[in-house]
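Some notes on the structure that comes next.
Indexing begins at 1, ligand by ligand and atom by atom, following the structure's order.
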Amino acid sequence: MAFVTRFAPSPTGPLHLGHAYSALLAHDMARAAQGRFLLRMEDTDLDRCRPEFVQQIIDDLAWLGLTWDGPVLHQANKIDRYNSRLAPLATRGLLYPCSCTRADIRAALSAPQEGVAFQVYPGTCRHRSIDSRQPGDALRLNLDAALAALADRPLVFTETGPAHAGAHQVDPDQARARIGDVVLSRKGEDIVAYFLASAFDDADQGISHVIRGEDLFEFTPIQVILQALLDLPTPQYHHHRLIRDEHGKRLAKRDDARALAKFRAEGASPADIRRMVGL
Ligand code: GLU
């Protein structure tokens with residue numbers, strides 16, 4: 001199997017050491033396997049993503065000495081396409097409109113972050129039919145209906161990362177308890193959610209190996225469920241350790257002290273960065 005992986009940052013801030021580790025690891029694994037390393041901007045959250053961060057990410061990665069294969073994919077250019085590919089799920093009765101508060105829905109659109117509790121939706125709008133969708137409503141996956149539709153399909157994935165290596169089977173009860181009815185898109189604002197866009201693009205870009213931080217391991221089941229519903233292949237997963245600060249806290253984009261740009265400005269070399277992240 002050809003090895004194709006990607007680095008998929010959300011350009012909501014500058015890259016820090018944790019991103020550098022993720023990008024370097026994915027790049028090195030691809031090159032060692034004579035595979036391909038792709039760069040994808042997960043910029044569908046139009047409120048939080050900024051063009052200047054896109055440019056800074058590209059500059060930082062180039063400075064680190066990384067090269068990627070082919071053009072950078074910008075998810076923001078494909079939002080209509082993602083939404084149109086969602087229609088079959090609506091027809092199958094697997095989606096429902098949701099008018100819960102904008103803040104709830106907004107929080108549900110981006111990739112989950114460690115340290116920010118993931119809100120499992122209580123199902124307030126689950127009784128609504130798809131025809132009652134109003135401008136501004138979100139579309140949520142009815143997880144119970146989805147699991148019932150997939151009752152005959154194996155929902156499995158292989159993980160090679162250090163913490164959870166092995167074969168995994170999606171546990172429906174755990175998916176209900178920990179992930180629930182996720183938002184897939186929002187009408188009127190042409191927004192599509194991370195879980196969905198990422199599942200489509202991993203398939204469209206022929207990603208064989210998803211290499212990303214361990215914080216996303218617990219959300220892999222929902223992506224496997226979406227892949228099965230949409231007839232997309234399931235790649236192999238490798239969730240890597242997180243780079244933490246001296247207090248053990250995962251680095252976040254807002255931690256400017258760990259921003260690559262800062263280390264660059266202070267005269268660090270790409271080799272120094274590799275050393276700092278343990279590569
Ligand atoms: N865009 C996501 C993030 O920055 C990464 C998603 C992924 O690698 O699947 O957290």
Parallel, tilted or perpendicular: ring planes of F7 versus H19, cut at 30 and 60 degrees: perpendicular
Non-hydrogen atom of R6 closer than 4.0 Å to ligand 1: yes
Mutual orientation of the aromatic rings belonging to H27 and F37 [parallel < 30°, tilted 30-60°, perpendicular > 60°]: perpendicular
Contact check, Y194 vs ligand 1, heavy-atom distance below 4.0 Å: yes
For atom 3 (C) of ligand 1, the option (of A26, S10, A199) bearing the nearest heavy atom: S10
ring-ring contact (aromatic ring centres under 6.0 Å, His included) between F3 and H209, intermediate numbers included: CA-CA 7 Å; F3 190 111; H209 291 73; 4.1 Å; yes
Region of L216 engaging ligand 1 - heavy atom pairs below 4.0 Å: side chain
Ligand-residue contact atoms, ligand 1 with E42, heavy atoms, under 4.0 Å: 1 (N), 2 (C), 5 (C), 6 (C)
Contact atoms of ligand 1, heavy-atom distance to R212 under 4.0 Å: 7 (C), 8 (O), 9 (O)
Heavy-atom neighbours of E266 CD exceed 12 at 6.0 Å: yes
Geometric class of the F195/F118 ring pair [parallel <30°, tilted 30-60°, perpendicular >60°]: perpendicular
